[in-house]
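Throughout, a chain's letter reflects where its sequence line sits, starting with A, and its residues are numbered from 1. All values reported here derive from a predicted model rather than from experimental measurement.
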Number of protein chains: 2
Amino acid sequence: MAGKTRQSKAKLQSAAFRRTRSDHSKELAADYVELIADLIDERGSARGTDVALRLGVANATVVKMLKRLQDMGLVTQEPYRPIALTGEGWEMAETGRKKHQIVERFLLALGVGEETARIDSEGIEHHVSDETLRAMGRFLARQIS
Amino acid sequence: MAGKTRQSKAKLQSAAFRRTRSDHSKELAADYVELIADLIDERGSARGTDVALRLGVANATVVKMLKRLQDMGLVTQEPYRPIALTGEGWEMAETGRKKHQIVERFLLALGVGEETARIDSEGIEHHVSDETLRAMGRFLARQIS
DNA sequence: AGTCGAATTTAGCATTGGCTAAACCTCTGT
DNA sequence: ACAGAGGTTTAGCCAATGCTAAATTCGACT
């Protein structure tokens, strides 16, 4: 009995872990893209320094990351120019913002303080499936009525 | 006006991001430790291969990681012997399990399916503050009554 | 127009977390 | 007693994400 049970359990669990881990790089990309979108909306343009400052990271790190984002087709950039998002980049930013908003509002509705809701939603956002997001949406809808 | 507002916003946000990122290595450690605890409870001992299988990772990776966990004072191990947890390791595992359980039960109570609850709780677990955890606990308590 | 300061990029390095392949132990069964 | 299977470790590699320091470019102000 042990054999089969063991194996299937392992397979199930490893899938969950693998997914959690493989998401890290996508998370980072999403954070950058979302932030860039925010900066463009707030101030008309996004510069490397602003991104570095807000992410708490060195300028050089941002440059390197932007290259990767460019390879992923999320941003475009000419040297020494502000950062622009591609269509795909905007889409990703929009999706992320919606997700973020739902999670944050959900936490607030749950009775969590503002500061904590802000911080936790940042961390949670990328690990919430669409199904869970819908459940949060339903909860919010119920609360409002 | 822009100057000051900008800076304080940046500081707040970078703190949140930095925290999210710096947690990654702790998360990983917690995953390993929790899994080792589970294996010991389920089968009496935890071997490297089991850990590798469940985490979906190569044996060599586990060995390397175990060295780091040993340096962190979470596990002890003699070569070619099964893995043991230190007191601190057990504590961490226990804390993690409690957290995990609350999050998973919370998601289920929210109406999320079993499979998704399992996967999402794995990802969310490490990003949930104590405050949010308490809010989830309150929600569960309300649901039961 | 020329210069200086600020932003950007490049270069080179470190750490983390992965992998494969090969060498090495342990234990079990004959 | 020992051979072989299976678990463990070592060695050496790679990619991602950070950093600092130095070089470069841009733009604004005499």
| Test: E131(B) and R134(B) ion pair at under 4.0 Å | no
Rounded to whole Å, the CG-C1' distance (N59(A) to dT17(D)) equals 15 Å
Residues of residues 25-39 of chain B with a heavy atom under 4.0 Å from any atom of DNA chain D, listed by number, are none
Rounded to whole Å, CD of E78(A) lies from P of dT25(D) at a distance of 16 Å
Closest of dT9(D), dG18(D), dT10(D) to the T61(A) side chain is dG18(D)
Would you indicate what V62(A) reaches in the nucleic acid, counting non-hydrogen atoms under 4.0 angstrom: base, sugar-phosphate, or nothing?
nothing
Are any of the side-chain nitrogens in R68(A) or D71(A) under 4.0 Å away from the carboxylate oxygens of its partner?
no
- Query: Yes or no on ring pair (Phe, Tyr, Trp, His ring centres under 6.0 Å) for F17(A) and Y32(B), after CA distance, side-chain angles and deciding distance?
  - Reply: CA-CA 10 Å; F17(A) 281 124; Y32(B) 270 86; 8.6 Å; no
From CZ of R68(A) across to P of dT17(D) the rounded distance in Å is 5 Å
OG of S129(B) to CD1 of I119(A), rounded to nearest 0.5 Å, is 8.0 Å
Outer limits of DNA chain C sitting under 4.0 Å from a non-hydrogen atom of chain B, read 5' to 3', are dT16(C) to dC27(C)
Base, sugar-phosphate or nothing for R18(A)? Non-hydrogen atoms, less than 4.0 Å. nothing
note: L66(B), atom CG; dG7(D), atom P; distance rounded to Å ~ 16 Å
Whole-Å distance, K67(B) NZ to dT8(D) C1', equals 10 Å
Output for pair (E34(A) CD, L85(A) CG), nearest 0.5 Å, gives 11.0 Å
Per nearest nucleotide of DNA chain D, the residue lying toward the 5' end, M72(A) or G48(B), is G48(B)
A60(A) has its side chain closest, among dA21(D), dC13(D), dT9(D), to dA21(D)
Between G73(A) and T86(A) the two heavy atoms that sit nearest each other are O-OG1, 2.7 Å
Taken to the nearest whole Å, CZ/R81(A) to P/dC26(D) is 7 Å
R47(B) vs dT8(D): side-chain N/O to OP1/OP2 distance below 4.0 Å
no
Would R97(B) and D41(B) pass as an ion pair if we require N to O under 4.0 Å? yes
Separation between CG (L69(A)) and CE (M92(A)), nearest 0.5 Å, reads 8.5 Å
Output for pair (I40(A) CD1, W90(A) CH2), nearest 0.5 Å, gives 4.5 Å
M65(B) atom CE is separated from dT8(D) atom C1', nearest whole Å, by 18 Å
